[in-house]
Each structure stands twice: as structure tokens, then as C-alpha cells.
Amino acid sequence: MKKIAQIRNIGIVAHIDAGKTTVTERVLFYTGRSHKIGEVHDGEAVMDWMPDEQERGITITSAVTTCRWQNCDIQIIDTPGHVDFTIEVERSLRVLDGAVGVFCAVGGVEPQSETVWHQADDYLVPKIAFVNKMDRVGADYFRAIEMMKERLNANPLVLQLPVGTEDSFRGVVDLISMRQLIWETDRHDMPFKTEEIDPDLRETAEAYREKLIETVAEADDTIMEAYLEEAEIKTSELLSAIRKATIGLKLVPVLCGSALKNKGIQPLLDAVVQFLPSPLEAPPIQGRRPDGSGKLSFEAREKGPTVALIFKVSMIEGRKLSYVRVYSGKLKAGSEIYNPARNKTEKISRILKMHANKRERIDEAGPGTIVGVVGLKDSATGETLCDKDNPVLLEQMKFTKPVISVSIEPKTHDDQEKFPQVIEKLMAEDPTLHVKQDEDTGQTILSGMGELHLEVVISRMRREYNTGVNVGKPQVVYRETVAKQASGHAVFDREVAGQRHFAEVELSVSPLARGEGVSFKSEASGEMIPPEFLEAVEKGVMEALEYGELMGYPVADVEMVLTGGSYRESLGSELAYRVAGSMACREALSYAEPYLLEPIMEVEVFVPEAFMGDVIGDLNARGGKIESIAAKGDNQIISAIAPLSKMFGYSTALRSATQGRGTFTMKFSHFDRI
């Protein structure tokens with residue numbers, strides 16, 4: 001039990017470029033996990049190991065590592081900050097017990113910080129805030145704290161005050177010990193000094209110390225009692241109360257520093273150990289029986305039934321590596337494990353302790369650990385691993401639907417052969433990536449969360465899998481229909497393969513209401529056309545409707561009626577009636593004033609009120625029609641319909657118009673006249 005109590009599972013989450021990876025690199029250095037600090041701008045960060053991450057200077061995939069501080073094992077997941085890779089944050093938060101939100105002292109609470117913070121709220125993850133980049137021009141610690149209150153509905157608890165600002169930032173005042181910590185140089189190998197608070201900061205520090213105790217007292221009865229009685233509050237009692245309130249999601253401790261200048265990291269590590277929960281303090285994981293007969297709850301116990309969740313799948317050097325969080329019991333290398341979602345038993349061939357892309361083999365993994373597992377052939381992201389005698393299904397992970405598509409095709413014959421396997425591997429890794437074959441155009445359509453997401457996927461296809469692809473915009477598939485009723489007549493009288501065939505068919509075409517599809521019926525008597533040939537006529541008509549008269553698109557929303565025709569004994573045949581039906585259909589369509597229908601999409605845009613005017617203006621310019629506007633918290637939900645042809649590139653346009661704070665979903669609604 002003591003061992004489990006010394007585990008901290010944390011994620012580093014924030015907006016792109018707030019300094020998450022820089023913070024993680026310092027954490028690894030000061031805990032002795034790495035002996036050299038890798039810088040993001042040099043492309044040498046340990047946690048950004050993919051070539052695409054090093055080139056672009058951003059985190060694309062969440063990386064797992066473990067380090068040790070104050071006798072605690074801290075398992076860290078460094079997550080991406082770009083909205084296109086939000087799935088990496090979502091699935092990491094699903095298995096974490098705590099999170100460190102990194103905020104830029106200049107930018108404050110930026111849009112993606114909002115998104116990931118609310119994702120953490122959804123999973124009830126306790127959080128610490130670290131205001132980074134205190135050395136930058138324009139840094140404003142207190143403004144960042146106010147933005148946390150306004151935008152995140154958080155209850156920040158200020159534990160530190162900055163000593164100096166911008167280029168004169170040199171340390172912090174610790175409001176719990178009432179001492180100041182000073183880093184005299186930017187050198188990473190120089191320890192900080194603990195000293196008396198500067199006289200000019202003493203008054204401010206005492207005021208904030210008083211505020212800190214007031215805030216904790218509101219969340220903790222013991223501290224409230226001592227506060228009202230004006231009794232002395234011991235440091236141990238204060239730390240215990242802050243820990244309890246943080247784990248109970250009542251408070252968010254706030255610290256500050258400058259990761260790039262190596263200031264403030266050691267106190268942040270102390271705060272992680274002091275205030276974030278161990279797996280024993282996290283709520284027991286909830287599951288249900290596979291037959292739906294009842295709910296189950298599992299505490300972090302080594303001797304309990306085995307319960308683990310696969311939260312991510314990676315293909316490293318062509319081999320499948322499953323990232324697993326163990327909640328109860330143990331996973332052992334060489335043992336068998338049951339996957340109730342697929343009703344399959346899998347073999348665990350190896351268990352790996354992860355350090356970004358480096359791996360260390362271990363024999364077993366107990367409750368609270370996050371490990372890599374090799375050997376799971378069929379299991380996928382979001383699936384549960386358990387004992388066959390005690391089957392359980394943990395809550396499934398939810399994945400966002402893709403919003404943007406491109407068409408892709410292999411470049412060469414060799415690429416064509418590799419293409420299906422490469423796509424399969426990429427989709428196994430990334431549940432937000434969708435691939436489908438468009439039956440109408442024959443194109444392979446690749447859909448993802450944004451243009452950068454698809455760029456990275458295509459780059460990986462070329463670089464990792466050596467598969468060349470051509471990329472283009474997907475073609476919008478239109479439909480054709482008719483404006484009025486019209487008739488068509490055709491006679492087929494021809495000799496085919498030494499035998500004469502005859503058929504005469506008369507048809508009428510009428511428009512139907514939008515979305516009713518295509519129907520066929522016969523009003524011709526059996527003397528005109530024998531019943532055995534009706535199916536052949538219908539087949540011919542349906543074949544003709546696949547290619548309209550206007551531009552060759554499929555015909556929709558029409559009723560075809562067989563009104564008459566004629567039959568000659570011994571000359572009538574299925575071939576003749578099929579061809580005649582097709583010819584009569586084409587003639588009828590050409591007289592019925594055909595026109596084009598385009599796909600109309602249902603669009604739902606979530607946007608802060610300040611940007612609503614710009615978003616509505618942009619939708620109107622794209623031919624969209626606003627159907628409703630509703631308020632949800634600080635955001636407005638705009639429901640609209642818009643033509644698909646005008647919605648390409650909308651995700652980028654929306655982000656530009658809303659400083660990255662707007663999101664949208666889009667699905668097919670109906671076809672309508674252009």
C-alpha cells in the first residue's frame with residue numbers, strides 16, 4: 001500500500017507554446033531522469049522525439065515518462081497543445097489522477113488551455129496551475145490568475161508571489177513558509193537560495209498570506225475553526241488542508257516561474273507530491289459487467305482482481321505497443337489477459353516502463369502504473385483488460401468526429417500495395433482519423449481534426465512507412481433531379497448475336513419531395529408488357545438513373561411510372577426490355593427540366609459571444625442560413641445549414657476569426673437545389 005501511495009500520475013496540459021514540454025524537460029533534469037536539458041527550439045527535447053515534432057517545434061503525440069522526487073514515482077504524460085491533436089489530451093486525462101496546467105504569464109488563459117482545462121473538469125481531475133514565462137516582456141501574474149477565475153471558473157489559491165518581473169524576475173515568495181526562493185543565475189546547475197522576504201515585498205506577502213488562509217478556511221472546517229479563534233495554524237495542518245481541498249476539486253494551487261530560465265521547477269515538483277492525489281486517493285474506477293447486470297467499483301489494490309485500460313496504441317518500428325493504465329491487480333509478462341469487449345484472451349509478451357520512445361523491460365505492473373504492453377494483437381484504444389473469471393467493462397472513451405477531409409491516392413504500384421496496411425496502422429493509433437471510399441467518385445477520403453492533423457498523417461505515411469501519396473481536395477458529389485413531369489418513349493428492335501430482340505416502352509417521370517429517393521411502379525397492362533419483363537424494365541430504369549442527363553450525377557427524388565409499351569411474340573427478351581427501359585428513362589429525364597442538387601450540411605458552431613458577429617457574417621458569406629442561436633455558459637451555439645462546397649477550409653477560417661476559441665461540428669443534412 002505504501003508503494004502505491006508514493007505514485008503520482010500527472011499530465012502536463014496547456015495551450016500550444018505555453019511551455020509544457022520545456023517544463024517537462026526541466027522536471028526530468030532536476031529529478032535526475034535525464035542529464036542534459038533538451039530544448040524544444042533546438043529540436044532536442046526528450047519528449048518530442050518524432051521527426052515531425054522536432055521539425056515543427058510542437059508536441060504532436062503524448063509521451064509517457066517516469067521520474068522520482070521526494071521518494072515518489074511521478075509518471076508524467078506530456079500532451080500536445082494544438083487543437084488538432086485534442087484526442088491525445090482527452091485519452092491521457094482519462095487515465096490520470098492529477099494535472100499541471102501551464103499558463104503563459106503574457107497570454108494568460110489561452111483558448112486551448114480553456115479546452116483542456118474543461119476536459120480535465122469532465123474527468124474530475126485535480127489540478128495545479130503553473131504560470132510560466134515570468135521573465136518575458138509583458139508578463140502579468142495577477143492578470144493570469146484573474147483570467148483563470150473568469151474563463152475557467154476555477155478557484156485559484158495563490159501559493160507564490162513573483163520576486164521581480166520581466167527580465168528582473170529572479171525568484172518567488174513562498175506564502176506557506178513565508179520565505180523567498182531566489183535563483184541567482186539562469187544556469188540550470190545552480191541551486192536556489194532560501195532567504196528572508198525583501199522588505200519592500202513583506203507587506204504584500206503578508207496580505208496574500210492572509211488571503212491564502214481565508215481561501216483555505218472556506219474549503220476546510222478545521223482551518224476555519226482555527227482562523228475564527230485566531231489560533232496559530234501549523235504549516236503541516238495548512239498543507240494537509242490544501243491537499244484535501246485540491247483533491248476535492250475545491251481549490252487550484254497556483255505557482256509561478258520561468259522554465260526556460262530554470263526558475264521555479266523544484267517548488268512545482270514539491271507541489272505535485274504535496275497536493276496531487278496518489279492512486280489510493282483517486283476515486284475508485286467504475287465499471288460494469290459485460291452482460292449489463294450491474295455496476296462494479298475497483299480500488300487500487302495489488303491483491304484485487306486485474307483491471308486495466310488501454311488508452312493509446314502506437315506503432316513503433318512496425319510493432320504494436322499498447323499504453324495501459326493498471327487500476328487494480330497486476331499485469332505479468334508472459335501471462336494471459338482477457339478482453340471482454342472482443343471476448344478474446346490475449347497474451348502479454350512484454351511489459352515496458354516508458355521514457356518517451358525509450359523502453360525498459362519489467363516483469364510486472366501493479367495498481368497506479370502506466371506501462372507499455374507488447375503482444376496485444378486485437379485489442380484497441382479504449383478497451384478493458386481483466387481476469388476472465390472477473391470480467392468487467394470500464395467506461396468507453398469518447399472520440400470527436402473528424403471535421404475536415406482530403407482525397408488521397410497512392411503514387412506508384414508499390415505504394416498501392418502498401419497503402420491499405422499503412423492506413424490500417426494509422427487508424428489503429430488514432431481513433432479521430434477516418435478513411436472511407438467514396439462510391440460515387442472512387443476517391444479515398446481521409447478525414448481528421450484539422451489541416452495540421454492531416455498534414456502530419458500524410459507526412460508520417462511518407463516518412464515512416466515510405467508510402468508516396470497524392471493529395472487533393474475531395475470532389476463534392478452532387479445529385480440531379482427534375483422540375484416537372486415528362487414522358488419518354490423508346491423502341492429496341494435489333495439483331496444481337498444472330499437473334500432478333502424487340503421491346504417498346506413508355507415511361508413518365510415526376511418530381512418527388514426532397515429526400516424521398518427514387519421509386520418505380522407499373523401502370524401498364526399485362527397485354528402491353530408481360531409481367532415477367534417488368535423486372536428487366538425496372539433494372540434498365542435504375543441503371544439510367546445512376547447517370548443523370550445534365551452532368552452525369554446520380555438522379556434523386558423522382559418517381560418513374562411505366563405507362564405503356566408493346567410486346568411481340570417470340571421476339572421479346574429481358575435484354576430488349578432492359579435497354580428500352582433505359583432509353584425511355586433518359587428521354588423522359590431530358591424533357592423534365594433537370595437541375596443540380598448540392599449536399600447541405602448541418603453546422604453547429606460553439607463560439608464566445610464576443611466573436612459571434614464575425615462568425616455569423618462568415619457563415620452568411622458561405623451561403624449558410626442561421627437557424628437558431630442558444631447560450632451555453634459563456635459560449636453561444638449557432639445552428640446553421642450551409643452547402644458543403646463552401647465549407648472546405650472552414651476550421652482554419654473559424655480559428656482565425658475567433659482567436660482559436662471557436663469549435664464546430666458538421667454533418668450531412670440533405671440535398672437542395674444549387
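These values consider heavy atoms only, across backbone and side chains, with no hydrogens, waters or symmetry-generated copies. Just so it is clear, the model here is predicted, and its values are computed rather than measured.
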Testing the basics here: between Val469 and Lys411, what is the closest heavy-atom pair and its distance to 0.1 Å?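 Here Val469 and Lys411 meet closest at O-CE, 3.7 Å.
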
What's the shortest heavy-atom distance between Pro284 and Ser297, and which atoms?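 Closest heavy-atom pair between Pro284 and Ser297: CB-OG, 3.3 Å.
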
Determine yes or no for a side-chain-to-main-chain donor-acceptor pair under 3.5 angstrom, with [X] supplying the side chain and [Y] the backbone.
X: Asn132; Y: Val23; answer: no
X: Lys127; Y: Thr246; answer: no
X: Ser328; Y: Pro305; answer: yes
X: Thr369; Y: Val371; answer: no
X: Arg243; Y: Gln274; answer: yes

Without hydrogens or angle criteria, can the side chains of [X] and [Y] be said to hold a donor-acceptor pair below 3.5 Å?
X: Glu281; Y: Ser278; value: yes
X: Gln6; Y: Asn71; value: no
X: Asn343; Y: Tyr338; value: yes
X: Thr467; Y: Asp415; value: no

Can you establish whether the number of heavy atoms outside [X] located under 6.0 Å from its atom [atom1] is more than 12?
X: Arg361; atom1: CZ; value: no
X: Asp363; atom1: CG; value: no
X: Gln70; atom1: CD; value: yes
X: Lys244; atom1: NZ; value: no

Ionic contact status for [Y] with [X], cut-off 4.0 Å:
X: Lys377; Y: Glu346; result: no
X: Arg325; Y: Asp97; result: yes
X: Glu336; Y: Lys347; result: no

Which residues satisfy the salt bridge (Lys or Arg N to Asp or Glu O under 4.0 Å) test with Glu417, sequence neighbours excluded?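 Partners of Glu417 by the salt bridge (Lys or Arg N to Asp or Glu O under 4.0 Å) criterion come out as none, since no residue qualifies.
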
Taking salt bridge (Lys or Arg N to Asp or Glu O under 4.0 Å) as the definition, give me every residue that meets it alongside Asp174, ordered by chain and number, with sequence neighbours left out.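 By the salt bridge (Lys or Arg N to Asp or Glu O under 4.0 Å) rule, Asp174 matches no residue at all.
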
Set of side chain to side chain donor-acceptor pair (under 3.5 Å) partners for Asp73, sequence neighbours left out: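 Scan of Asp73 (side chain to side chain donor-acceptor pair (under 3.5 Å), adjacent residues dropped) gives Arg68.
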
